[in-house]
Amino acid sequence: MIAGLLLSAFALGGLCGTAAAEDFEPADFNVTSELLKLGVDVSKLPGLSGLGGRDVSAPCTAACKSLSALYGDNAVYAQNTTGYGAFTSAYWSSIQSEVDPLCIFKPAKVADVSVLVLLSRLTQCPFAFKSGGHAAFAGASSVEGGITVSFENFKDVTVSRDRKTVKIQPGNNWVDVYKVLDPQDLTVTGGRVARVGTGGLTLGGGISYFSNIYGWACDNVVSYEVVTASGRVVHATPTAFPKLYWALRGGGNNFGIVTSFTFETIPLPKGQMWGGTRTYLESNFEGVVDAFAGVIANSPSDPNAGIWVAWILKYGLKLAATELYYAKPDGAANATIFNDFKAMTPIADTTKSRNVSEYSEAQQSTNPYGLREVYWCMTVKADARIARVARDIYYQERPAVANIEGAGPVLIFQGITVGQMQKMSRNGGNALGLDHRDGPLYLIQIACWWKNAADDEAIYAFARKVMDRIAAEATALGVQSDYIYMNYGSRFQNVIAGYGADNVNKLRDIARQYDPKAVFQTLQPGHFKLDRAPVSS
Ligand SMILES: Cc1cc2nc3c(=O)[nH]c(=O)nc-3n(C[C@H](O)[C@H](O)[C@H](O)COP(=O)(O)OP(=O)(O)OC[C@H]3O[C@@H](n4cnc5c(N)ncnc54)[C@H](O)[C@@H]3O)c2cc1C
Ligand SMILES: *[C@@H]1O[C@H](CO)[C@@H](O)[C@H](O)[C@H]1NC(C)=O
Ligand SMILES: *[C@@H]1O[C@H](CO)[C@@H](O)[C@H](O)[C@H]1NC(C)=O
Ligand SMILES: *[C@@H]1O[C@H](CO)[C@@H](O)[C@H](O)[C@H]1NC(C)=O
Ligand SMILES: *[C@@H]1O[C@H](CO)[C@@H](O)[C@H](O)[C@H]1NC(C)=O
């Protein structure tokens with residue numbers, strides 16, 4: 001007993017200088033008595049009584065039964081029920097739908113999330129939370145044999161009285177938010193595609209139509225309501241729990257369960273902006289690269305303008321599908337920054353003025369549900385030479401997947417502009433490790449869908465080869481960059497390591513302070529952890 005206490009004290013003391021100051025979770029933290037404070041008497045729960053929180057033989061059976069006993073059968077879906085099937089099939093990627101948790105829990109309020117975390121600690125049953133369910137790989141927002149938690153009862157979207165902020169709960173996807181904000185002449189730095197979740201996108205960073213002006217999603221959150229590993233609910237802001245606030249800006253699911261995000265709002269009359277896809281033939285490929293490079297380099301001159309370029313093969317034709325968007329209506333007339341694109345004749349053009357809700361729905365229609373999916377990404381310093389090389393490598397390697405059923409590989413370029421990077425230092429900075437003096441960067445991403453599990457390895461090998469070849473060329477050109485964007489990362493990538501050694505150490509210190517028993521590293525095993533990729537490769 002004494003030895004145990006000494007060990008804990010030693011472990012705590014070794015963390016970081018400030019751990020003791022805040023003493024967030026004492027070494028003698030008692031999960032059972034914390035549950036009691038929340039009105040949960042463990043001795044009365046099926047499968048838990050008399051176990052004292054240790055050695056529960058079937059941890060998840062006990063945990064799921066306890067949740068049913070506490071909250072009723074309507075709050076818990078068991079395997080092979082209709083509700084269970086509807087929930088698991090609602091992930092964007094069918095790879096995530098194939099994961100079978102033992103049960104699905106639907107908390108109704110924040111305290112229920114605290115109880116879930118504590119029950120998981122007591123029983124050692126693993127858990128995962130699902131917001132919009134757009135992460136592509138198995139176990140990112142579900143957990144085999146454990147408890148997957150649905151945020152479907154966390155649907156609040158409330159604009160503050162002074163209209164300067166909006167509180168968004170993670171049961172909303174972005175179009176839910178835009179439907180509320182468009183008619184109020186407001187928007188936020190949210191996702192660009194309708195049914196992407198507010199939770200995952202914001203915790204990984206979050207690139208918006210408005211990011212060149214206002215920064216990434218995480219840089220526009222002024223307060224996180226978060227359930228920590230001890231079940232305690234805190235509001236992390238630039239002044240309250242500032243380290244936790246910093247870590248939540250890009251640190252993913254490693255620091256707590258966020259039950260609401262308070263975003264700064266952006267004025268946008270009727271939610272009207274401009275954007276769409278201009279598609280160019282191969283004869284314009286050189287021009288497309290130069291025009292893309294120009295928009296990223298010149299972004300500070302008109303940060304309303306944003307872009308991505310998708311290199312595709314369709315009907316046997318190599319095509320560049322360029323997404324051009326503008327943070328105001330009438331981009332066709334007013335966005336002179338796109339003049340180099342306008343000088344080339346597209347074979348198709350869907351650009352127009354429209355509200356953010358409608359635009360995000362149009363994006364969803366080109367990203368259908370129910371297929372196997374992989375995202376894989378890297379960054380490089382902005383340089384048209386590497387953009388050309390990357391494009392060419394993708395088309396050289398593409399035949400490797402030509403005969404795979406349903407395979408639709410795309411190479412996508414975006415810019416992490418100087419404007420975006422400058423906003424990352426707002427409110428004490430974020431965890432991503434990006435410095436505007438190194439910018440701008442290109443974000444290069446492979447996205448691919450396909451049909452059959454038998455082809456998984458071939459698809460991963462293709463994506464890896466394209467990325468490895470581009471990385472080698474980037475190094476040769478001296479434009480390599482370590483940063484990996486979490487929200488486009490593959491399960492083979494150690495995303496957090498790319499934030500830089502200083503930030504990795506800082507994140508680990510903060511995790512030890514707020515989660516000394518590493519609950520979010522071990523009991524919530526999915527997605528990008530502080531010390532590893534989701535799977536070893
Ligand atoms: C079609 C498509 C379009 C996209 N467009 C964009 C875009 O425009 N900009 C951009 O930046 N990214 C974009 N992404 C990437 C997107 O940000 C990631 O896929 C992100 O993980 C999706 O979030 P989600 O809530 O839907 O995912 P989920 O799979 O539900 O969650 C992802 C991870 O976050 C965790 N998590 C979610 N909510 C919480 C919470 N409240 N507290 C703690 N942990 C939580 C989950 O447990 C999981 O580990 C897009 C992805 C797709 C597939
Ligand atoms: C934890 O708290 C419970 C309930 O208050 C109590 O019965 C138990 O003895 C405590 N455990 C320890 C190790 O102190
Ligand atoms: C659900 O169905 C699967 C497949 O039929 C079966 O293996 C599993 O045991 C079932 N689970 C429950 C809880 O009935
Ligand atoms: C967005 O625009 C469409 C088309 O004009 C309109 O039908 C819809 O009501 C608008 N949505 C919102 C939320 O304002
Ligand atoms: C677009 O430009 C025209 C004139 O060039 C101007 O009158 C109009 O207000 C501009 N529109 C926007 C949305 O800025």
Side-chain angles (χ1 to χ4, degrees), residues 92 134 173-175 177-179 181-182 187 189-196 207-213 268-285 287-296 299 302-369 371 391 394 408-415 443 445 447-449 488:
W92 177 66
H134 269 64
N173 50 42
W174 288 105
V175 75
V177 175
Y178 300 141
K179 279 182 180 157
L181 297 184
D182 280 350
T187 197
T189 50
R192 295 167 295 192
V193 181
R195 260 163 286 284
V196 171
I207 306 173
S208 142
Y209 292 122
F210 304 93
S211 286
N212 289 330
I213 312 174
L268 190 70
K270 296 198 173 72
Q272 288 286 319
M273 59 175 296
W274 177 91
T277 316
R278 285 203 173 138
T279 307
Y280 295 95
L281 289 169
E282 194 178 2
S283 51
N284 288 125
F285 273 16
V288 167
V289 168
D290 289 331
F292 166 77
V295 171
I296 303 307
S299 177
D302 187 357
N304 292 295
I307 184 171
W308 72 74
V309 177
W311 304 97
I312 58 178
L313 187 76
K314 214 170 172 182
Y315 321 116
L317 292 173
K318 290 181 185 173
L319 299 172
T322 66
E323 193 72 19
L324 307 183
Y325 52 85
Y326 205 63
K328 298 177 182 180
D330 302 328
N334 298 44
T336 54
I337 191 170
F338 291 135
N339 279 353
D340 289 346
F341 283 102
K342 291 178 194 161
M344 299 180 288
T345 307
I347 57 161
D349 183 354
T350 66
T351 54
K352 61 174 178 176
S353 296
R354 45 186 148 181
N355 58 37
V356 181
S357 323
E358 188 193 329
Y359 192 23
S360 75
E361 289 285 15
Q363 306 288 13
Q364 190 77 53
S365 69
T366 56
N367 288 283
Y369 276 68
L371 301 165
R391 173 201 64 198
Y394 158 77
V410 183
L411 184 75
I412 302 162
F413 293 173
Q414 308 192 44
L443 179 51
Q445 176 200 356
C448 185
W449 57 56
Y488 299 156

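From a predicted model like this one, the values you see are computed outputs, not experimental measurements. Hydrogens, waters and symmetry mates play no part in the numbers below; they use all other heavy atoms, side chains included.
In this structure, the side chain of T189 does not engage the main chain of F210 through any donor-acceptor pair within 3.5 Å. Looking only at distances, a side-chain donor or acceptor of Y394 sits under 3.5 Å from a matching main-chain atom of P409. With hydrogens and angles disregarded, a donor-acceptor distance shorter than 3.5 Å links the side chain of N355 to the backbone of E358. Under a 3.5 Å cut-off, the side chain of W174 and the backbone N or O of S357 do not form any donor-acceptor pair. Between the side chain of S365 and the main chain of A362, a donor-acceptor pair closer than 3.5 Å is present.
K179 contributes atom NZ, which lies 8.0 Å from atom CG of N173 (distance to the nearest 0.5 angstrom).
For the side-chain contact (heavy atoms from CB on, under 4.5 Å) test with R278, the passing option among L324, V288, N284, I347 is L324; the others fail.
Under the side-chain contact (heavy atoms from CB on, under 4.5 Å) criterion, S353 pairs with Q272, W274, P329, D330, not counting sequence neighbours. Remark: A293 pairs with A384, Y442 by the side-chain contact (heavy atoms from CB on, under 4.5 Å) rule, at least two apart or across chains. Remark: A305 engages Y326, I337, F338 in a side-chain contact (heavy atoms from CB on, under 4.5 Å) (not counting sequence neighbours).
Taking 4.5 Å as the limit, some side-chain heavy atom of V356 sits within range of a side-chain heavy atom of M273. Looking at heavy atoms from C-beta onward, T322 lies out of side-chain contact with F292 at the 4.5 angstrom threshold. Inter-residue side-chain proximity for R192 and I207 is flagged as met; some heavy-atom pair is nearer than 4.5 Å. Contact of the T187 side chain with the Y209 side chain is not registered, since no non-hydrogen atoms from C-beta on lie closer than 4.5 Å. The shortest distance between side-chain heavy atoms of I412 and Y488 does not fall below 4.5 Å.
Aromatic ring orientation, W311 versus F285: perpendicular (interplanar angle above 60°, classes split at 30° and 60°).
Salt-bridge check for E361 with R195: passed, with a basic side-chain N closer than 4.0 Å to an acidic carboxylate O.
Among all heavy-atom pairs drawn from S211 and S208, the shortest one is OG-N, 2.9 Å. The nearest pair of heavy atoms linking S360 to Y178 is OG-CD1, 4.1 Å.
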